Asker: 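Please find one structure pasted underneath; my questions will follow.
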Amino acid sequence: MNILYIAEITGKAGVWLVKTQLSNLKEKYKADFVIANANSATGSGGLGKQHAVYLKKLGVDCITSGDLIFQKKDLVDDLHKTPHVLRPFNLPSESPGQGWKIFNFNKNKKIAVVSAIGRIGHHKIMAENPFTETEKLVSQLKEEADLIFVDFSSFATAEKQALGFLLSGKVSALIGSGTRVQTADECILENKTAYITDAGRTGSLNSVGGYAIEDKIREYRTCLPDFGKDAWARPALQGIFIKTDDDGNTIEIKRIFEESELCKETE
């Protein structure tokens with residue numbers, strides 16, 4: 001199975017990159033299934049319902065998220081109508097939406113996609129312990145799915161590395177997200193589990209986390225919160241390509257870095 005993972009979609013530039021590049025990437029990598037982290041796709045953070053539906057139409061099979069998943073009320077109110085969108089599964093049971101889902105793909109195979117979030121750092125939402133909760137969930141999913149893919153959003157490198165080692169050999173992939181900066185440590189753990197500390201972001205690279213440089217500098221100078229404007233300089237789609245065998249073992253992992261020509265701002 002060929003899995004294409006699009007790193008955190010950030011702002012209008014990120015959505016534009018998916019619109020203009022996803023079709024070619026699916027063909028290039030012969031992708032059977034596409035997962036995208038859309039934690040920051042809409043406005044200054046979060047995911048709106050319109051973008052959630054639009055990304056699905058563009059060819060994204062499953063959307064994962066992070067600490068900004070509840071920032072847009074229109075999506076929160078309709079999460080039950082967008083089952084392809086996952087909020088972190090280790091939130092309290094009272095939280096709306098679902099945190100994992102099993103999808104069917106070709107040849108009657110099943111892939112379980114899990115969105116998880118860490119506890120270290122300044123997250124906007126508080127989660128249950130990702131180590132104990134993920135281990136329990138993976139044990140359950142092994143009986144139901146041929147592949148298990150985990151997107152772990154965390155601000156701490158050590159937290160992501162630790163969960164990667166905990167789940168090595170137990171899942172097909174543990175892909176880190178959250179910092180929006182692509183790391184160069186992609187590998188296959190225990191001849192089965194694809195791992196990278198952070199897959200990066202899809203959006204402007206000449207920016208601060210995808211947002212206008214001057215706005216973020218002003219925020220750090222003054223300590224006044226600034227949601228920042230979308231940035232467009234040096235747009236690039238980042239992500240991960242994973243190839244697995246019939247038993248769900250990863251046999252190939254490759255970082256994706258597709259830079260685009262400068263574009264005009266569009267809706």
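Quick caveat: nothing in here was measured; it's all calculated off a predicted structure.
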Asker: Please list, chain by chain and in numerical order, all residues satisfying ring-ring contact (aromatic ring centres under 6.0 Å, His included) with Tyr29, sequence neighbours excluded.
Answerer: Phe241
Asker: Do the non-hydrogen side-chain atoms of Val114 and Phe149 ever get within less than 4.5 Å of each other?
Answerer: no
Asker: Set out, in order, the CA-CA distance, both residues' side-chain angles and the distance that settles salt bridge (charged side-chain N to carboxylate O under 4.0 Å, His left out) for Glu128 and Lys136, then state yes or no.
Answerer: CA-CA 12 Å; Glu128 303 297 332; Lys136 288 188 292 186; over 6 Å; no
Asker: Charged N to carboxylate O under 4.0 angstrom, Arg221 versus Glu214?
Answerer: no
Asker: Might you work through the salt bridge (charged side-chain N to carboxylate O under 4.0 Å, His left out) test for Lys170 and Glu135, ending with a clear yes or no?
Answerer: CA-CA 9 Å; Lys170 302 174 184 176; Glu135 211 170 18; 3.2 Å; yes
Asker: Is it true that Val76 and Val53 fall in one hydrophobic cluster, defined by side-chain heavy atoms closer than 4.5 Å?
Answerer: no
Asker: What I'd like to find out is whether the side chain of Cys187 reaches to under 4.5 Å of the side chain of Ile253, using heavy atoms alone.
Answerer: no
Asker: Taking atom types as modelled, is there a side-chain donor on Ser260 or Gln21 under 3.5 Å from an acceptor on the other?
Answerer: yes
Asker: Just one of Asp74, Asp77, Asp78 clears the salt bridge (charged side-chain N to carboxylate O under 4.0 Å, His left out) bar with Lys49, so which one?
Answerer: Asp78
Asker: Near Phe257 CZ, under 6.0 Å, is it more than 12 heavy atoms from other residues, nucleotides or ligands?
Answerer: yes
Asker: State, yes or no, whether a side-chain contact exists between Val138 and Thr134 at a heavy-atom distance under 4.5 Å.
Answerer: yes
Asker: Could you go step by step and tell me if Thr202 and Arg180 meet the side-chain hydrogen bond (donor to acceptor under 3.5 Å, both in side chains) rule?
Answerer: CA-CA 8 Å; Thr202 296; Arg180 305 179 194 165; over 6 Å; no
Asker: Can you sort out the partners of Phe89 under ring-ring contact (aromatic ring centres under 6.0 Å, His included), two or more places apart, ordered by chain and number?
Answerer: none
Asker: Within the distance-only criterion (no hydrogens, no angle test), does the side chain of Gln238 pair as donor or acceptor with the backbone N or O of Arg201 below 3.5 angstrom?
Answerer: yes
Asker: Just do the salt bridge (charged side-chain N to carboxylate O under 4.0 Å, His left out) check on Lys110 and Asp146 with the steps written out, would you?
Answerer: CA-CA 5 Å; Lys110 295 181 178 181; Asp146 301 286; over 6 Å; no
Asker: Linking I/L/V/M/F/W/Y whenever any side-chain heavy atoms sit under 4.5 Å apart, do Ile125 and Leu163 land together?
Answerer: no
Asker: Answer with yes or no whether the hydrophobic clustering places Val181 together with Leu237; edges join I, L, V, M, F, W, Y residues whose side-chain heavy atoms lie under 4.5 Å apart.
Answerer: no
Asker: As a quick check of understanding, evaluate side chain to side chain contact (heavy atoms under 4.5 Å, CB included) for Trp100 and Leu141, giving each step before the final call.
Answerer: CA-CA 10 Å; Trp100 61 270; Leu141 293 177; 3.5 Å; yes
Asker: How far apart are the closest heavy atoms of His84 and Ala52, and which atoms are they?
Answerer: NE2-O, 3.0 Å
Asker: Can you name the nearest heavy-atom pair linking Glu190 to Ser168, along with the distance?
Answerer: OE2-OG, 3.3 Å
Asker: Roughly how far, to the nearest 0.5 Å, is CG of Leu166 from CD of Gln161?
Answerer: 13.5 Å
Asker: When you measure from the centre of the six-membered ring of Tyr220, is the NZ or CZ of Lys216 under 6.0 Å away and within 45° of the axis?
Answerer: no
Asker: With a sphere of 6.0 Å drawn around NZ of Lys19, does it hold more than 12 non-hydrogen atoms of other residues, nucleotides or ligands?
Answerer: no
Asker: With a 4.5 Å cut-off on side-chain heavy atoms, are Ser204 and Pro235 touching?
Answerer: no
Asker: Could you state the interatomic distance from OG1 (Thr250) to CD (Glu186), rounded to the nearest 0.5 Å?
Answerer: 12.5 Å
Asker: Between Asp185 and Thr197, do the side chains contain an N or O donor and an N or O acceptor separated by less than 3.5 Å?
Answerer: yes
Asker: Using modelled atom types and a 3.5 Å cut-off, is there a donor and acceptor pairing between side-chain atoms of Glu159 and backbone atoms of Arg119?
Answerer: yes
Asker: Do Pro92 and Met126 have side chains that get closer than 4.5 Å, going by heavy atoms?
Answerer: no
Asker: To the closest 0.5 Å, what do you measure between CG (Asp61) and CD1 (Ile35)?
Answerer: 8.5 Å
Asker: Would you mind reporting whether Ile102 and Ile111 have side-chain heavy atoms less than 4.5 Å apart?
Answerer: no
Asker: Looking only at side-chain N and O atoms, does Glu8 offer a donor or acceptor that is under 3.5 Å from a partner on Ser177?
Answerer: no
Asker: Please find the pair of heavy atoms, one from Ala194 and one from Ile242, that lie closest to each other, and give the distance.
Answerer: CB-CD1, 3.8 Å
Asker: I'd like to check the ring-ring contact (aromatic ring centres under 6.0 Å, His included) partners of Tyr195; sequence neighbours left out, ordered by chain and number.
Answerer: none
Asker: How close do Leu22 and Gly59 get, heavy atom to heavy atom, and via which atoms?
Answerer: CD2-C, 3.8 Å
Asker: For Ser154, does its backbone N or O pair with a side-chain atom of Lys160 as donor and acceptor, under 3.5 Å?
Answerer: yes
Asker: In Å, rounded to the nearest 0.5 Å, how long is the span from CE of Met1 to CG of Asp246?
Answerer: 11.5 Å
Asker: Which of these passes side chain to side chain contact (heavy atoms under 4.5 Å, CB included) with Ile6: Leu25, Leu17, Val34?
Answerer: Val34
Asker: Should Thr179 and Thr157 count as side-chain neighbours, where that means a heavy-atom distance under 4.5 Å?
Answerer: no
Asker: How close do Leu55 and Ala38 get, counting heavy atoms only, and between which atoms?
Answerer: CD1-CB, 3.9 Å
Asker: Do Arg87 side-chain atoms and Ser95 backbone N/O form a donor-acceptor pair below 3.5 Å?
Answerer: yes
Asker: Taking all heavy atoms of Gly248 and all of Ser172, pick out the closest pair and write down the distance.
Answerer: O-OG, 2.6 Å
Asker: Which distance, rounded to the nearest 0.5 Å, do you find between the CG of Asn39 and the CG of Leu47?
Answerer: 8.5 Å
Asker: Is a side-chain donor or acceptor of Gln182 paired with a backbone partner of Ile256 at a separation under 3.5 angstrom?
Answerer: yes
Asker: With a 6.0 Å cut-off (strictly less than), is the heavy-atom count around CD of Glu252, excluding the residue itself, greater than 12?
Answerer: yes
Asker: With a 4.5 Å cut-off on side-chain heavy-atom distances among I, L, V, M, F, W and Y, is there a chain of contacts connecting Ile188 to Tyr5?
Answerer: yes
Asker: Is it true that atom CD of Glu27 has more than 12 heavy atoms of other residues, nucleotides or ligands lying nearer than 6.0 Å?
Answerer: no
Asker: I'd like to know if the side chain of Asn2 and the backbone of Asp32 have a donor-acceptor N/O pair within less than 3.5 Å.
Answerer: no
Asker: Hey, could you give me the CG/CD1 distance between Asp198 and Ile196, rounded to the nearest 0.5 Å?
Answerer: 7.5 Å
Asker: Given the rule in the salt bridge (charged side-chain N to carboxylate O under 4.0 Å, His left out) test, do Glu259 and Arg234 qualify, once you have shown the distances and angles that lead to the verdict?
Answerer: CA-CA 7 Å; Glu259 199 165 349; Arg234 198 184 168 203; 2.8 Å; yes
Asker: Whether Lys229 and Asp215 form a salt bridge (side-chain N of Lys/Arg under 4.0 Å from carboxylate O of Asp/Glu) is what I want to check.
Answerer: yes
Asker: Looking just at side-chain N and O atoms, do Ser115 and Asp151 make a donor-acceptor pair shorter than 3.5 Å?
Answerer: no
Asker: When you compare the side chain of Asn37 with that of Ile9, does any pair of heavy atoms fall below 4.5 Å?
Answerer: no
Asker: For the hydrophobic clusters of this structure (ILVMFWY residues joined by side-chain heavy atoms under 4.5 Å, transitively), does one cluster hold both Val171 and Leu147?
Answerer: no
